[in-house]
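What follows is a set of notes on a single structure, which appears directly below.
Chain identifiers are assigned alphabetically (A, B, ...) following the order of the sequence lines, protein sequences preceding nucleic acid strands; residue numbering begins at 1 within each chain. All values below come from the heavy atoms of this structure, side chains included, with hydrogens, waters and symmetry mates left out.
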Amino acid sequence: MSRYNFKETEAKWQAIWQERRSFNVAVDRSRPKYYVLEMFPYPSGKLHVGHVRNYTMGDVVARYKRAQGFNVLHPMGWDAFGLPAENAAIASKVHPADWTYENIATMRGQLKRMGLTYDWERELATCHPGYYRHEQKMFIDFLAAGLAYRKESWVNWDPVDQTVLANEQVVDGRGWRTGALVEKRLLSQWFLRISDFAEDLRQALGDLDRWPERVRLMQENWIGRSEGARVFFPLVGQDEKLEVFTTRQDTLFGASFLAVAPNHPLAQRAAAGDPALAEFIAECNRMGTSEAVIEAAEKKGYDTGRRARHPFDPAIELPVYVANFVLMEYGTGAIFGCPAHDQRDLDFARKYGLKVVPVVLPKGVAPEDFTIGDTAYVEDGTLFNSRFLDGLGVAEAKRAAGERLEQLGAGQRSIIYRLRDWGVSRQRYWGCPIPVIHCAACGIVPVPDSALPVTLPDDVSFDTPGNPLALHPTWKHVDCPGCGGKAERETDTLDTFFESSWYFLRFCSPRSDKAFEPDEVAYWMPVDQYIGGVEHAVLHLLYSRFFMRALRQCGYLDVKEPFAGLFTQGMVCHQTYQDEDGNWLFPEEVTLQDPDGIPRDARGRPVTTGRLEKMSKSKKNVVGLDGIVEEYGADTARLYLLSDSPPERDLEWTDEGIEGIWRYVNRLWRMITEPALPLPPPGSAILDELSPAARAARHAIHRTIATVGDDLDKFRFNRGVARIRELTNLLEALDDKQAGTGAVLREGFETAVRLFGPMMPHLGEELWHRLGHATLLADQPWPKADPDLTVEDSATIAVQVNGKLRGTMTLPRDAEAAAAEAEALALPAVQRLLEGRAARKIIIVPNRIINVVV
RNA sequence: GCGGGCGUGGCGGAAUUGGCAGACGCACUGGAUUUAGGUUCCAGCGACCUCGGUCGUGGGGGUUCAAAUCCCCCCGCCCGCACCA
């Protein structure tokens, strides 16, 4: 019995594709284009099977669209700047560049063995000056357009490493690597004005109809639009006003206090003369920002002693507190508290003995019966205790209060967004240098075009904590391009999300002297199908959307949305294992040993099997790609990744699963290379007179073509695989010796091979070749279903009595209703239940079901 | 707390979108082949059963000739956001 030799076969066809440049593409305006892209990887080391699921999906789409006649752009590159390279440098004294390029070489080789249709001539690595020089230019253009700016902001500062940490890198208030207590520091950082585009970014989500609903919702929540009003509260005894944002200007008459964030300028000034307040603020700043800390933290306030006047009545004076729950980053960093109609304000008021004045009355409740206990009333109702607002509903009162504020010059209606400007400064080495120079005389001076790119120095040391660029003896010292005097380079580098925000544009013309060629971008963009993990739902996907708008504003291009279609795939999971000491074990370190079947480690000690989790290095529940490709080949791995679960759901990788696919691959191989009937030569005509089995097979073939195409269009790969397997099951049983059956078998095999082609391209090519074709399967058009053959000539109709199935009958397709009815009534089971009575009603759904109601 | 999703055999999942629940597969069981294991082939595989049926898609109710699918209530799990003014 023959076995499929995947090793030889896969290498052979990969060489042929490469030699024929099958997947290298160029602009071709005579054909419709299709841009398929999978989120490019960070070159972290080696790929495991979990990494290649989305590349496989993308490849199926690319090959399928190619067969449909599209000019398909399907590129691959490396998101190559980032912290792990620097950590490797610190840990094992390798240069980040060497570490990165070595990983790229390894991973490129792994991807090539998967037989993916990438145009490798378009490969790019973001850490290459040929790539990042263009984003330095973009940054300078953003600066000129006012889209990039420098601002003091409060950041997480690790005092040991001397660097800013992202929120994710702060664990329980301590730096993730040093364990040092993280401080909040006011630092000057570069920001991009993403908030300028908040409304457009939010509204345009509505047009992204090929994006998952959940991603659009996540972005919408992240942008977070609030409609309300800014209200100015004059401070008593000072020629100054405190500006507050609220969505509940209707409840202004219920105000009983104002509160500002600990880092609000007013708080800072008040603290100057009040050591106790200064200590309170310091305490707030020490508090972590993690969820757990916030959850546990008590709502605390400190009365500054200052008073502010009510905008509608100067006679009303309100105390101004500093409160730990007010965020400097949201709104104006100051709020007014209306305890009766906001739970948090109510808790605060009860704690500090502030008055609680209800101003919204629930429907059907008399004012004298309405009191606020421990629960604030936040529903709709009628305004009372509110002078000119009395009697209005909440929505009307918001409008009326807003108008009055504007008339009085005491405020204005406005919309604010949760979205904050994107801080892009990082005190890191392995990133793109920010191309500006700080000059004592000229201020901030952009690096002139002629001096781009600003490249990273190679001779850096990671021995001292802090930013290696800032510590470098010479790199930062330059002459000012403006005045020629002594000046210093910016030593911060750009957030690595900067690189991934435009790489899809660079793929359109990767070797251009410009960032990209506008006409090539105009041809290829937008990406028609983007595929990646949902973890980038807001970060990368939002930044990229912003970037397109920013580039458009700077005249680079005229496309607004980068990704017309988005698919977020599920994770690949695997069982986890731990030994007696709680150490994680790799799957290959665990064996099921007889006689008891208890899993054991290499030393024979029992192993605890943990829960299914996403494959990750830290839990060691990874299955290496090289081992799988070595043992089963790329096609078997690809088919498994596609067939076992719906693509948007998690997939459990198991030995049994991959084994099952491997058995099927061999069965298919034998079925076609050792057919049960002699096959006529390619292109042989199919007879009109066929055996019933052969005729049924033809129907199945064409129905499969129709449904698999539909499945691929809708990303239902698992279903498509099931359909093709159904077809091959049927073909395997087709062995009648009647003339013409062989030709049908050939049609069936060719169809199965062509439908499987995008999923198992090497096996597809080999079988196509063995079926006697000199052409490449990769160059074949997608098969077309014959509409006459996609419908059966007969229909199996279910017969129900009172909605319960009592039998089935097979009738010619579209049989007369009367004939169908008669046949149904004649069924013995139906006769028995009728007991001689006539049916009260008979419902007939043609070709499907007959329900006899008694 | 707010927002979203999901719940179907031992497991992954199908179900022409209201019309034969469990396609396709994994695991398992029996048989054949094999010196044996593996492979391969055949058969079985939701539960109960008096073999005629009865029940069955998280639970309860409803609409309908007909519900996994639509409506209402409840339970459970997952994800996102969250001191958001």
Side-chain angles (χ1 to χ4, degrees), chain A residues 1 3 212-222 224-226 228-229 231 244-249 251 258-259 261 287 289 291 293-295 297-300 323-327 329-338 342-345 347-348 378 416-418 534-535 537-538 640 643-646 648-652 654-664 666-667 670 703 706-707 710 716 718-729 796-808 829 832 839-854:
Chain A
M1 200 181 317
R3 281 186 122 197
E213 182 62 19
R214 120 179 125 124
V215 174
R216 292 192 295 181
L217 273 164
M218 282 162 80
Q219 290 211 357
E220 192 175 333
N221 292 338
W222 188 263
R225 180 186 149 107
S226 294
V231 186
V244 153
F245 178 79
T246 180
T247 54
R248 293 303 303 273
Q249 62 270 26
T251 64
L258 300 179
M287 195 179 78
T289 48
E291 213 173 290
V293 174
I294 287 167
E295 204 66 43
E298 206 183 336
K299 313 272 176 283
K300 279 193 201 164
N324 63 353
F325 62 86
V326 180
L327 305 173
E329 303 82 16
Y330 193 75
T332 60
I335 61 163
F336 86 82
C338 174
D342 181 286
Q343 190 58 47
R344 200 192 40 208
D345 293 348
D347 296 343
F348 192 82
V378 295
I416 65 156
Y417 298 87
R418 205 188 77 106
V534 75
E535 67 273 16
V538 281
Y640 180 38
S643 66
D644 210 53
S645 292
E648 69 280 6
R649 286 203 212 163
D650 287 352
L651 175 143
E652 185 192 356
T654 62
D655 292 346
E656 293 82 6
I658 186 84
E659 276 289 344
I661 297 292
W662 172 234
R663 284 197 299 268
Y664 176 70
N666 279 291
R667 205 175 113 206
R670 285 191 297 270
R703 255 199 339 269
T707 56
D710 189 48
R716 296 197 284 215
N718 58 320
R719 217 171 69 143
V721 172
R723 301 276 180 258
I724 310 174
R725 290 187 73 146
E726 251 177 302
L727 175 64
T728 60
N729 286 349
T796 304
I797 295 171
V799 180
Q800 299 181 331
V801 176
N802 289 340
K804 287 211 164 112
L805 184 73
R806 296 298 170 180
T808 59
R832 198 172 50 243
R840 269 201 294 148
K841 194 170 168 188
I842 298 178
I843 283 124
I844 303 178
V845 183
N847 301 319
R848 210 163 270 179
I849 206 162
I850 292 184
N851 191 8
V852 179
V853 188
V854 185

Chi-based syn or anti call at B:rG46, which uses purine or pyrimidine torsion atoms and a 90° bound = anti
ask   = NA contact type, A:Val852, heavy-atom cut-off 4.0 Å: base, sugar-phosphate, or nothing?
value = nothing
task = Could you work out which one of B:rA85, B:rC20, B:rC84 sits closest to the side chain of A:Leu805?
result = B:rC20
Involving RNA chain B, stems made of at least three consecutive Watson-Crick or G-U pairs, both distances under 3.5 Å = B:1-7 with B:75-81, B:10-12 with B:24-26, B:28-32 with B:40-44, B:46-48 with B:53-55, B:58-62 with B:70-74
key: Inter-nucleotide P distance (B:rC73, B:rG12), Å rounded   = 29 Å
ask   = Looking only at atom C1', what distance separates B:rG59 and B:rA23, rounded to whole Å?
value = 28 Å
request  = Rounded to the nearest angstrom, tell me the gap between atom CD1 in A:Ile416 and atom P in B:rA85.
outcome  = 8 Å
query = With sugar-phosphate meaning primed atoms plus P, OP1 and OP2, does A:Val845 contact a base, only sugar-phosphate, or nothing at under 4.0 Å between heavy atoms?
reply = base
ask   = What's the CE-C1' distance between A:Met218 and B:rG5, to the nearest Å?
value = 12 Å
query = If you draw the axis of the six-membered ring of A:Tyr664, does the NZ or CZ of A:Arg725 fall within 45° of it and under 6.0 Å from the ring centre?
reply = yes
message = Both A:Asp342 and A:Ala798 contact RNA chain B. Which one's nearest nucleotide lies toward the 5' end?
response = A:Ala798
task = Could you work out the separation of B:rG13 and B:rA68 based on their C1' atoms and round it to a whole Å?
result = 14 Å
ask   = Quick one: is B:rA14 close enough that its OP1 or OP2 comes under 4.0 Å of any side-chain N or O from A:Asn718?
value = yes
message = With a 4.0 Å cutoff (strictly under), does any side-chain N or O of A:Arg663 reach OP1 or OP2 of B:rA27?
response = yes
message = I'd like the C1' distance from B:rA66 over to B:rC78, given in whole Å.
response = 33 Å
query = Are A:Lys804 and B:rC65 close enough that a side-chain N or O sits under 4.0 Å from OP1 or OP2?
reply = no
request  = Check every atom of B:rG25, B:rA85, B:rG4 against the side chain of A:Leu217 and return the nucleotide holding the closest atom.
outcome  = B:rG4
ask   = Reckon A:Thr246 touches a base, only the sugar-phosphate, or nothing at all at heavy-atom distances under 4.0 Å?
value = sugar-phosphate
inquiry  = B:rA85, OP1 or OP2 - any side-chain N/O from A:Ser226 closer than 4.0 Å?
reply    = yes
Same-atom distance (P) from B:rC48 to B:rC11, integer angstrom = 15 Å
query = Base, sugar-phosphate, or nothing for A:Arg214, non-hydrogen atoms under 4.0 angstrom?
reply = sugar-phosphate
key: Side-chain N,O (A:Arg670) to OP1/OP2 (B:rU39) below 4.0 Å   = no
query = Which part of the nucleic acid does A:Leu651 contact within heavy-atom distance under 4.0 Å: base, sugar-phosphate only, or nothing?
reply = nothing
query = Base, sugar-phosphate, or nothing: which does A:Thr654 touch, judged by heavy atoms less than 4.0 Å apart?
reply = nothing
inquiry  = It should be established whether A:Arg649 places a side-chain nitrogen or oxygen under 4.0 Å from OP1 or OP2 of nucleotide B:rG13.
reply    = yes
task = Give one of base, sugar-phosphate or nothing for A:Arg725, where a contact means two heavy atoms less than 4.0 Å apart.
result = sugar-phosphate
task = With P as the reference atom in both, quote the distance from B:rU69 to B:rU63 in angstrom, rounded to an integer.
result = 15 Å
request  = Look at the side chain of A:Asn221 and the base of B:rC81, then say whether one donor and one acceptor between them are separated by less than 3.5 Å.
outcome  = no
key: Side-chain heavy atoms of A:Arg344 within contact of A:Ile335, under 4.5 Å   = yes
ask   = CZ of A:Arg716 versus C1' of B:rU17: gap in Å, rounded?
value = 10 Å
ask   = Is the backbone N or O of A:Ile843 less than 3.5 Å from a side-chain atom of A:Asn851, with the two atoms forming a donor-acceptor pair by type?
value = no
ask   = Closer to the 5' end of RNA chain B via nearest nucleotide, is it A:Asn729 or A:Arg806?
value = A:Asn729
ask   = Expressed as a whole number of Å, how far does the P atom of B:rG80 sit from that of B:rC41?
value = 44 Å
query = Using atom P of each nucleotide, how far apart are B:rC51 and B:rG76 to the nearest Å?
reply = 43 Å
ask   = Which nucleotide sits closest to the side chain of A:Ile843: B:rG19, B:rA14, B:rC84?
value = B:rG19
ask   = Going by a 90° cut-off around 0, is B:rU50 syn or anti?
value = anti
message = Test your reading of the model: is there a side-chain donor-acceptor pair from A:Tyr640 to the backbone of A:Thr654, 3.5 Å cut-off?
response = yes
note = Taking B:rA82, B:rC20, B:rA85 as options, the one with an atom nearest any side-chain atom of A:Trp222 is B:rA82
request  = Take atom CZ of A:Arg225 and atom C1' of B:rG3, then tell me their distance rounded to the nearest Å.
outcome  = 18 Å
ask   = Just by distance, do the side chain of A:Asn666 and the backbone of A:Arg3 share a donor-acceptor pair under 3.5 Å?
value = no
ask   = Once you round it to whole Å, what is the distance between P of B:rG25 and CG of A:Leu727?
value = 12 Å
message = Does A:Arg832 reach a base, just sugar-phosphate, or nothing at all? Heavy atoms under 4.0 Å.
response = sugar-phosphate
inquiry  = Categorize A:Glu656 for me: base, sugar-phosphate, or nothing, with a 4.0 angstrom heavy-atom threshold over every strand shown.
reply    = sugar-phosphate
request  = State whether a side-chain donor-acceptor pair under 3.5 Å links A:Arg840 with A:Asn802.
outcome  = no
